[in-house]
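Being a predicted model, the structure only gives us computed values, none of them experimental. The residues of the chain are indexed from 1 along the displayed sequence.
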Amino acid sequence: MAVILRAIYNGYQEYIIDKTDERVTSLPLLQSVWTVPLITGVYLYFVLSFGPKWMSNRKPAEIRSLLIVYNLGQVMANAMAFTMGLMYLQDYPYSFLCQPLMLDDGAQSRHEVTLCYIYFLLKVLDLADTVFFVLRKKQTHVSFLHVYHHAIMVLSAGIFLRYICGGHMFMLGLLNTFVHAVMYGYFFLTIYRPDVTRGASWKRYVTLLQMGQFGYFVFHFFRPIILGVDCGYPRAMLWFAGIQNIFMLLMFGDFYWRTYVKKSSRPHQN
């Protein structure tokens with residue numbers, strides 16, 4: 001037993017602790033390897049168990065003003081991050097075919113760390129979406145797709161930031177911040193001007209935009225593998241990101257079909 005425990009500890013020290021990118025260990029929420037999993041665990045416990053039980057005998061929370069500020073803040077923050085990403089592409093060389101990791105202390109590497117960290121913080125902030133659903137007693141909105149998407153994005157953003165910040169993964173953050181700026185703009189309108197979005201036929205395009213990004217990410221991450229290009233970015237991470245985006249594309253596609261195609265094809269009843 002002592003040999004097994006020693007092997008587990010040595011593996012944990014070698015692969016979890018020693019391989020951490022020293023550039024991020026002083027950043028808030030990243031000093032400990034356990035902080036991000038703990039945040040995710042607390043989130044899951046609240047939105048799936050404690051929160052619904054706690055709200056069961058309470059009235060839905062009146063937080064309209066908070067939601068307006070939150071969604072508008074998300075639009076501004078994601079738009080700012082997207083703009084910073086475009087400026088990065090303007091200032092530094094980037095290969096869309098296969099961008100290597102840069103673990104040095106150069107200007108481009110430091111810029112990547114900054115952008116990755118901002119993206120990670122935005123993913124943590126996104127968890128508030130589900131918390132607001134629970135507080136407003138809209139538990140039907142707390143679907144598997146919604147919870148899985150938010151939880152896996154926080155975990156994966158934290159892992160990538162800690163071990164393989166930047167490189168070929170950069171495009172995920174760039175496009176995702178653009179999509180989220182649009183998405184939170186729509187959410188802002190649903191609260192601030194519900195008359196504009198209620199029954200609007202164009203809201204399906206928000207989902208199509210999300211599906212479009214997942215489709216591109218499948219192409220982006222699998223292209224180096226299919227073409228046999230090796231730029232030094234870990235192949236295992238390309239496989240993980242590619243498969244994950246296939247999964248997300250399928251789930252969002254199923255949501256789109258059930259919400260916009262299947263419903264519209266049902267015969268109207270008099």
Side-chain angles (χ1 to χ4, degrees), residues 11-12 15-16 19-21 24 33 36-37 39-41 43-44 47-48 78 81-82 85 94-103 112 115-117 119-120 122-124 126-127 129-130 142-180 183 206-259 261:
Y12 167 78
Y15 294 103
I16 304 299
K19 291 187 180 297
T20 297
D21 189 338
V24 306
V33 71
V36 175
I39 291 173
T40 309
Y43 161 77
L44 292 173
V47 302
L48 297 178
N78 279 277
F82 176 68
Y94 184 87
S95 172
F96 287 86
L97 176 60
C98 187
Q99 176 70 8
L101 283 174
M102 289 178 291
L103 302 178
E112 282 192 345
L115 293 175
C116 290
Y117 184 60
Y119 179 74
F120 163 70
L122 288 173
K123 296 304 102 182
V124 175
D126 286 347
L127 299 180
D129 292 353
T130 328
V142 186
S143 63
F144 171 79
L145 171 59
H146 177 92
V147 175
Y148 173 83
H149 179 59
H150 280 64
I152 197 66
M153 289 305 293
V154 169
L155 284 172
S156 58
I159 290 172
F160 282 113
L161 175 58
R162 178 172 289 274
Y163 299 106
I164 48 173
C165 177
H168 204 63
M169 195 64 62
F170 171 81
M171 286 305 299
L172 188 150
L174 178 68
L175 294 184
N176 193 245
T177 51
F178 170 75
V179 171
H180 274 67
M183 184 185 73
V206 177
T207 304
L208 286 174
L209 181 62
Q210 292 174 299
M211 293 171 60
Q213 70 162 337
F214 295 132
Y216 173 76
F217 291 151
V218 172
F219 167 77
H220 181 73
F221 292 118
F222 279 133
R223 182 168 60 163
I225 298 174
I226 294 173
L227 296 180
V229 177
D230 186 4
C231 63
Y233 195 87
R235 286 299 179 95
M237 294 299 101
L238 294 177
W239 277 103
F240 170 79
I243 293 173
Q244 173 63 25
N245 278 282
I246 289 176
F247 186 42
M248 295 307 302
L249 181 59
L250 291 174
M251 288 200 296
F252 271 77
D254 177 68
F255 170 79
Y256 183 87
W257 171 263
R258 288 184 290 103
T259 305
V261 179

- pair Cys98-Leu227: side-chain heavy atoms closer than 4.5 Å: no
- Task: Would you mind listing every side-chain hydrogen bond (donor to acceptor under 3.5 Å, both in side chains) that reaches into residues 238-255, with sequence neighbours excluded?
- Result: Tyr148-Gln244, Asp254-Arg258
- Thr177/Tyr119 under side chain to side chain donor-acceptor pair (under 3.5 Å): CA gap, chis, key distance, verdict: CA-CA 8 Å; Thr177 51; Tyr119 179 74; over 6 Å; no
- Query: What heavy-atom pair brings Leu127 and Tyr43 nearest, and what distance separates the two atoms?
  - Reply: O-CE1, 3.6 Å
- Please name the pair of heavy atoms, one in Val24 and one in Leu161, separated by the smallest distance, quoted to 0.1 Å. CG1-O, 3.6 Å
- Task: Give me the one residue out of Asp129, Asp126, Thr40 that meets side-chain hydrogen bond (donor to acceptor under 3.5 Å, both in side chains) with His150.
- Result: Asp129
- Query: When the ring planes of Phe219 and Tyr216 are compared, do they come out parallel, tilted or perpendicular, using 30° and 60° as the limits?
  - Reply: tilted
- Side chains of His168 and Leu238: does their closest heavy-atom pair fall under 4.5 Å? yes
- Item | His180 and Lys123, any side-chain heavy atoms less than 4.5 Å apart | yes
- Any side-chain heavy atom of Met237 sitting closer than 4.5 Å to one from Phe160? yes
- Task: Start with the C-alpha distance between His146 and Thr130, add both sets of side-chain angles, then the distance that settles side chain to side chain donor-acceptor pair (under 3.5 Å), and finish with yes or no.
- Result: CA-CA 8 Å; His146 177 92; Thr130 328; 2.8 Å; yes
- What residues, two or more places apart in sequence or in another chain, satisfy side chain to side chain donor-acceptor pair (under 3.5 Å) together with His149? none
